[in-house]
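See below for the structure under consideration.
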Amino acid sequence: MVKSKAEARGLSMKEKPVIYLDNAATSWPKPPGVLEAMERTMREAAANPGRGSHEMAVKASRVLFEGRKALSRLFRIANPNDIAFMLNTTHALNQAIQGLLEPGDHVVTTAMEHNSVRRPLEALRRKLGIKITYLPVGADGVLNPNDVKKAILPETKLVAVTHSSNLLGTITPVGDIGNVTRMAGIPLLVDAAQSAGVLEIDVEGMNIDLLAFPGHKGLMGPQGTGGLYIRPELELEPLMHGGTGSRSESPEQPSTRPDRYEAGTPNTTGIAGLTAGVKFVLGETVGRIHEKELQLTRELMAGLKEIPGLRILGPGPEQERTAIVAFTLEGIDPSETAFLLDRQYGIAVRSGFHCTPLGHESAGTTETGAVRASPGYFTERSDIVSLIKAVQEIGETLRT
Ligand SMILES: Cc1ncc(COP(=O)(O)O)c(C=O)c1O
């Protein structure tokens with residue numbers, strides 16, 4: 001039986017200290033200010049934004065505009081109203097994909113995509129007969145921008161790429177791909193689920209036309225928040241139609257942004273928390289956050305690679321990556337490793353297929369899946385040491 005550190009210290013499982021290494025799913029803990037901003041909004045500005053002219057409704061509208069302004073600074077977006085708030089990345093990706101594509105269109109995407117890109121595309125293949133090209137990537141997940149160029153057809157209406165793989169941590173050369181798509185006059189959709197807040201994103205400089213991002217990961221806000229940047233020249237069919245508080249006399253969805261893409265009452269309290277998270281990121285700077293996370297990731301990789309039978313997926317330690325380390329332990333089911341890490345060591349990681357079966361095909365782990373550890377900005381070096389030691393112990397114990 002693997003020895004439990006928590007138990008060794010006389011702690012019950014309920015009291016066990018959590019070593020949280022699942023930041024790629026949702027970041028935790030949140031920085032100072034997030035909870036406070038949410039509480040303040042709930043107390044003082046929790047009316048319906050854009051739906052009334054009374055003081056509290058105006059305050060609520062200001063909360064949303066503050067959020068759009070902070071996000072615009074982060075992503076170098078000229079007009080904050082080109083950002084529509086969404087529930088999460090998946091919502092934003094669906095708005096982009098379903099709002100743009102029409103029968104007969106062709107899409108270029110990659111074998112590294114999350115199901116939140118693949119499933120909406122496959123649904124449109126069934127419903128509208130769109131065609132999809134999945135560009136292969138190497139086992140390290142690296143995509144060659146020239147392959148994008150070669151795959152473009154006269155009927156190509158969208159190129160959709162993940163900025164960073166949620167399985168391998170590989171970073172896609174979005175700027176180079178943006179040069180290709182802009183030259184070809186084809187919109188580029190970037191899935192920034194794993195990059196927003198941890199990699200530099202400049203929508204103008206990188207020629208990004210559509211940027212789908214979560215609020216609850218690298219931007220350090222709460223769940224139920226996210227957004228979509230839509231280039232001003234690009235018109236999307238709204239995913240949802242309904243009340244916006246504007247042009248109420250018209251049966252049509254307003255053409256003005258962001259109302260066009262924000263039907264229904266928004267998550268004002270959540271957006272207040274997201275704004276506080278974005279301000280924290282702006283204060284710390286994306287560069288410093290990435291540097292710290294990369295350092296922790298490299299230490300983790302260096303320690304894990306010494307463990308017999310352990311294979312780390314994705315780019316080598318010398319290459320840039322986001323803070324994602326997926327691995328397999330020969331002969332041991334990843335779900336068992338993750339279970340033991342949680343129950344015996346109080347370490348939270350994720351196992352399985354991480355919503356990217358195509359990514360597992362590229363990595364050669366379709367049969368097994370993998371364990372994924374994802375440090376965050378608040379991870380301590382001691383957490384990394386604990387994980388390495390625990391994985392080593394699990395490997396030794398389960399193989400004997
Ligand atoms: C690359 C990628 N795309 C999309 C998503 C979906 O994000 P959300 O949970 O915010 O909808 C994730 C979630 O982990 C992801 O890693």
Side-chain angles (χ1 to χ4, degrees), residues 49-50 64 67-68 71-72 74-75 77 79-103 105-109 113-128 130 132 156-163 166 174 181 186-196 201 203 208-217 219 221 223-247 252-268 270-271 274 355:
L64 301 192
R68 279 186 240 278
L71 287 160
S72 299
L74 185 67
F75 300 136
I77 291 166
N79 181 356
N81 287 332
D82 288 327
I83 298 170
F85 284 117
M86 302 275 148
L87 289 173
N88 46 44
T89 328
T90 305
H91 185 194
L93 289 166
N94 271 271
Q95 168 62 80
I97 290 168
Q98 295 189 49
L100 188 72
L101 296 173
E102 293 179 341
D105 287 348
H106 170 248
V107 179
V108 176
T109 189
E113 299 310 307
H114 191 275
N115 275 341
S116 293
V117 169
R118 189 187 183 198
R119 286 180 176 166
L121 287 176
E122 290 296 336
L124 291 189
R125 193 208 295 266
R126 289 191 298 275
K127 198 165 136 194
L128 304 181
I130 67 160
I132 310 165
T156 305
K157 289 289 152 45
L158 180 69
V159 172
V161 295
T162 183
H163 195 178
N166 64 308
V174 167
T181 52
I186 296 166
L188 172 63
L189 164 63
V190 174
D191 172 356
Q194 297 300 338
S195 61
I201 298 178
V203 296
I208 296 171
D209 300 282
L210 294 158
L211 182 78
F213 60 88
H216 62 104
K217 299 184 197 257
L219 299 183
Q223 294 179 345
T225 62
L228 179 67
Y229 160 73
I230 309 165
R231 199 180 157 74
E233 295 78 12
L234 204 58
E235 162 59 19
L236 302 179
E237 183 61 27
L239 190 62
M240 292 204 297
H241 297 81
T244 55
S246 54
R247 297 191 52 96
E252 304 285 330
Q253 199 65 14
S255 59
T256 47
R257 298 180 178 197
D259 297 14
R260 184 161 180 72
Y261 305 107
E262 287 184 354
T265 301
N267 180 5
T268 309
I271 290 162
L274 166 60
C355 303

For [X] and [Y], indicate whether the former's side chain and the latter's backbone hold a donor-acceptor pair under 3.5 Å.
| X | Y | answer |
| --- | --- | --- |
| Asp209 | Leu188 | yes |
| Arg260 | Pro254 | yes |
| Glu237 | Leu100 | no |
| Thr90 | Ser116 | no |
| Glu113 | Thr162 | yes |
| Gln95 | Leu239 | yes |
| Asp259 | Thr256 | no |

Full working for side chain to side chain contact (heavy atoms under 4.5 Å, CB included) between Tyr229 and Val190: CA-CA 10 Å; Tyr229 160 73; Val190 174; over 6 Å; no
Mind checking the [atom1]-[atom2] spacing from [X] to [Y]? Nearest 0.5 Å is all I need.
| X | Y | atom1 | atom2 | answer |
| --- | --- | --- | --- | --- |
| Arg257 | Glu262 | CZ | CD | 11.5 Å |
| Ile230 | Asn79 | CD1 | CG | 11.5 Å |
| Thr225 | His216 | OG1 | NE2 | 7.0 Å |
| Leu228 | Asp82 | CG | CG | 10.0 Å |
| Ile97 | Ile130 | CD1 | CD1 | 8.0 Å |
| Asp105 | Arg125 | CG | CZ | 13.5 Å |

Any [X] side-chain heavy atom under 4.5 Å of [Y] side chain:
| X | Y | value |
| --- | --- | --- |
| Leu74 | Ile201 | no |
| Leu158 | Leu189 | yes |
| Ile208 | Phe75 | no |
| Pro214 | Asn88 | no |

Within a 6.0 Å radius of atom CZ on Arg119, are there more than 12 heavy atoms belonging to other residues, nucleotides or ligands? no
Would one find more than 12 heavy atoms of other residues, nucleotides or ligands at under 6.0 Å from atom CZ of Arg247? no
Taking every non-hydrogen atom, the tightest pair across [X] and [Y]:
| X | Y | value |
| --- | --- | --- |
| Pro238 | Gln253 | CG-CG, 3.9 Å |
| Ala192 | His163 | CA-CB, 4.4 Å |
| Gly215 | Leu274 | CA-CD1, 3.6 Å |
| Phe85 | Arg68 | CD1-NH1, 3.4 Å |
| Asn115 | Pro120 | O-CD, 3.5 Å |
| Gly224 | Asn267 | O-ND2, 3.1 Å |

Of Leu211, Ile83, Ile77, Ile271, which is the lone residue that meets side chain to side chain contact (heavy atoms under 4.5 Å, CB included) with Leu71? Ile83
Stepwise side chain to side chain contact (heavy atoms under 4.5 Å, CB included) test for Lys157 and Leu101: CA-CA 7 Å; Lys157 289 289 152 45; Leu101 296 173; 4.0 Å; yes
Just do the side chain to side chain contact (heavy atoms under 4.5 Å, CB included) check on Leu219 and Phe213 with the steps written out, would you? CA-CA 9 Å; Leu219 299 183; Phe213 60 88; 3.8 Å; yes
